[in-house]
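Taking it in order: structure first as structure tokens, then the write-up.
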Amino acid sequence: MTPLLAVKDIVVRRGRRFCLKIDEFCVRPQEVVALIGPNGAGKSTLLTTLACLTPPDSGTVFFGSEKVTKKNALTVRRKLAVVFQEPLLLDNTVLENTVLGLRLRGQKQGAEDKARIWLKRFGVDHLAGQNALTLSGGEAQRASLARAFALEPKVLLLDEPFASIDVISRTALIDEFKSVLESTGTTAVLVTHDFYEVQALASRTVVLDQGTIQAEGTPAEIAVHKTWGGLSKGVSATTITNRVDGSRL
Amino acid sequence: MDFIGQGFIKALQLLLSGDKEVYSIALLTIKVSGTATLISLILGVPMGLYFAVARFRGREFMVGAVNAGMGLPPTVVGLWVALFFWRRGPLGFLGLMYTPAAMVIAQTIIALPLVAGLTMSAVQQLSPKLRLQILALGASPLQFWWLILHEVRLGVLAAVMAGFGRVIAEVGASMAVGGNVRWYSRVLTTSIVLEVNKGNFSLALALSFILLFISYGVTYWLTVLQQRRRQV
Ligand SMILES: Nc1ncnc2c1ncn2[C@@H]1O[C@H](COP(=O)(O)OP(=O)(O)O)[C@@H](O)[C@H]1O
Ligand SMILES: [Mg+2]
């Protein structure tokens, strides 16, 4: 199967340092890839590279079999969606925020209805008319997820989307998110620090450290070593399921 | 304090009696400073947006120039503009010296860095991730700039208020390049200076009240515009 999204021989430098150096990484249809690794491992950098938001210093990003270039980056971006840790809503109503992506992509007809459906799906349709900057953190992130799903992306890229939500609402949201992912069959890449999220959502796990891929496998296969201390506190010895062999599967 | 009350009453008398000269002075003040502010807005907002977001060679220099320009003394601007427009100056052939047009140019130079600088800082207060999010939503370059502008619209209005407030209150540049010619290039600030010099303190005070009315009126209108959107 051709991957939906892939990177080949990419290098990203920050100053003189490498912060990402990956020979090969791809996202196949229908899978949910969890990207884990300590702080500063390069997870966010890989995600924005995949999202065609920050071009790599060298190497290639592929959308399907198509090379992503400066010229077609916008077209490719319009087939993806990104959710960051912060909701990043604009100073406008929640509905306007949710419709915005569709409008930018030239979809006018039915855009508002679609946005409302997704707001409802994430339980924030009653806030549609409210200014997005007045929402609580959890509500805002729900709106942000609705905004992303309304775009019906070929690949949904998420950078620690649940990290700043309080624990109680987090579990509920993760469950809702899971059911949406499953019912829509959305392909996704999820950067996370949370072992529970990996277990609940991922079909494949990729461990990133110091800018390179250290291990890869199903969530059950991947063990989380203590020295990857950047991983969330939830990852304690008891949640370690397997030993680390560092091999690439 | 009696004096101030008298000045206030005199200001009202001048306005209500429709004093032709006062009206022409006030009108020119609004025209000159309004035009200068408008030009600063048209040039300064794109400059501010661009300097805040884009990375290019010489950016630090330009940002430094904008920031330094925010504090340019009007008298210095007036002097430099006068040097250019002086009959024997490089732009003397335009014949703009001692005209309202020259005042507009000088005031634009004063307001432009303020509008650009405040716009720039408003954009820089946005989360850098917000720019990525806007692009990720699928914004073309034009859509991107439009959305950023929309996001900082309150800051831009503040920049406009600051720019207008600065140029309407400025006297040095208007005096230097406008020359305070009666019925032609006399604005409120230059006529206040004149009346003070002549010892007509009550008239000077009355004119100063008119200046405050205008300044407050325009700023109030902009403030209403600025605050209206936030009540959603
Ligand atoms: N804008 C930047 N300027 C300089 N260094 C950066 C920048 N963004 C990230 N880095 C560096 O690149 C590395 C990878 O960062 P990031 O992708 O954010 O890691 P992660 O998301 O895994 O925590 C880190 O060492 C970080 O310090
Ligand atoms: Mg990160």
Side-chain angles (χ1 to χ4, degrees), chain A residues 44-45 47-55 70 73-107 127-135 140 144 147-148 150-153 155-160, chain B residues 41 45-46 48-50 52-57 59-60 115 118-161 222-232:
Chain A
S44 298
T45 310
L47 204 81
T48 55
T49 307
L50 286 167
C52 306
L53 293 171
T54 49
K70 219 173 178 178
L74 175 62
T75 317
V76 175
R77 277 206 305 269
R78 287 180 170 175
K79 292 175 178 151
L80 309 172
V82 185
V83 176
F84 292 98
Q85 180 173 342
E86 310 85 40
L88 301 171
L89 300 172
L90 301 175
D91 182 5
N92 214 325
T93 64
V94 172
L95 183 64
E96 278 304 316
N97 267 281
T98 318
V99 179
L100 181 63
L102 291 166
R103 293 239 170 91
L104 294 175
R105 295 170 188 214
Q107 296 180 38
L127 302 169
Q130 204 168 314
N131 186 298
L133 302 186
T134 64
L135 301 192
S144 176
R147 174 174 69 176
L151 298 172
E152 293 168 3
V155 182
L156 174 61
L157 302 153
L158 308 112
D159 194 348
E160 304 187 35
Chain B
L41 181 73
V45 170
L49 292 178
Y50 190 71
V53 174
R55 294 283 167 271
F56 56 92
R57 199 179 279 270
R59 177 179 175 272
E60 267 75 33
V115 173
L118 293 177
T119 302
M120 187 167 72
S121 83
V123 176
Q124 281 172 335
Q125 277 165 30
L126 297 176
S127 156
K129 282 246 184 92
L130 191 71
R131 296 180 213 152
L132 285 183
Q133 178 70 80
I134 289 173
L135 290 172
L137 286 172
S140 68
L142 201 67
Q143 291 171 328
F144 172 83
W145 291 113
W146 176 251
L147 286 169
I148 293 285
L149 179 63
H150 187 261
E151 209 55 16
V152 296
R153 61 198 186 281
L154 301 183
V156 168
L157 277 175
V160 170
M161 281 189 244
L222 288 170
T223 309
V224 169
L225 211 65
Q226 186 190 41
Q227 301 301 321
R228 200 175 46 189
R229 285 301 194 80
R230 267 293 152 89
Q231 280 147 25
V232 193

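Naming convention: chains lettered A, B, ... in sequence-line order (proteins, then strands); numbering from 1 in each chain.
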Exercise for review: Against chain B, work out which of A/Leu100, A/Leu151, A/Leu102 has the most heavy-atom pairs shorter than 4.5 Å and name it.
Suggested key: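 Of the candidates given, the most pairs with chain B belong to A/Leu100.
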
Practice item. Please look at B/Leu147 and chain A and tell me whether the side chain, the backbone, both or neither of the residue comes under 4.5 angstrom of a heavy atom of that chain. Key: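 Contact with chain A is through the side chain of B/Leu147 alone.
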
Practice item. Measure B/Ser140 against the heavy atoms of chain A and call it side chain, backbone, both or neither at under 4.5 Å. Key: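 Both parts, backbone and side chain.
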
Could you look at [X] and say if it's the side chain, the backbone, both or neither that has a heavy atom under 4.5 Å from chain B?
{"X": "A/Thr75", "result": "neither"}
{"X": "A/Leu89", "result": "backbone"}
{"X": "A/Leu80", "result": "backbone"}

Practice item. Might you point out which heavy atoms bring A/Val82 and B/Ala136 nearest each other, and give the distance in Å? Key: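 For A/Val82 and B/Ala136, the tightest heavy-atom pair comes out as CG2-CB, 3.7 Å.
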
Point to revise | Closest approach of A/Asp91 to B/His150 (non-hydrogen atoms, all atoms of both residues) | key: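 That closest heavy-atom pairing would be O-CE1, 3.8 Å.
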
Would you say that [X] contacts [Y] through its side chain, given a criterion of any heavy-atom pair below 4.5 Å between the two side chains?
{"X": "B/Leu132", "Y": "A/Thr48", "result": "yes"}
{"X": "A/Leu90", "Y": "B/Gln133", "result": "no"}
{"X": "A/Leu88", "Y": "B/Ile134", "result": "no"}

Review point. Looking at residues at least two apart in the chain, or sitting in another chain, which of them share a side-chain hydrogen bond (donor to acceptor under 3.5 Å, both in side chains) with B/Arg131?
Key: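 B/Arg131: no side-chain hydrogen bond (donor to acceptor under 3.5 Å, both in side chains) contacts found.
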
Practice item. Please identify each residue that fulfils salt bridge (Lys or Arg N to Asp or Glu O under 4.0 Å) with A/Glu96, with sequence neighbours left out. Key: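 A/Arg103.
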
Review point. Is atom CZ of B/Arg55 surrounded by more than 12 heavy atoms (other residues, nucleotides or ligands) closer than 6.0 Å?
Key: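 Yes, the 6.0 Å shell around CZ holds more than 12 heavy atoms from other groups.
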
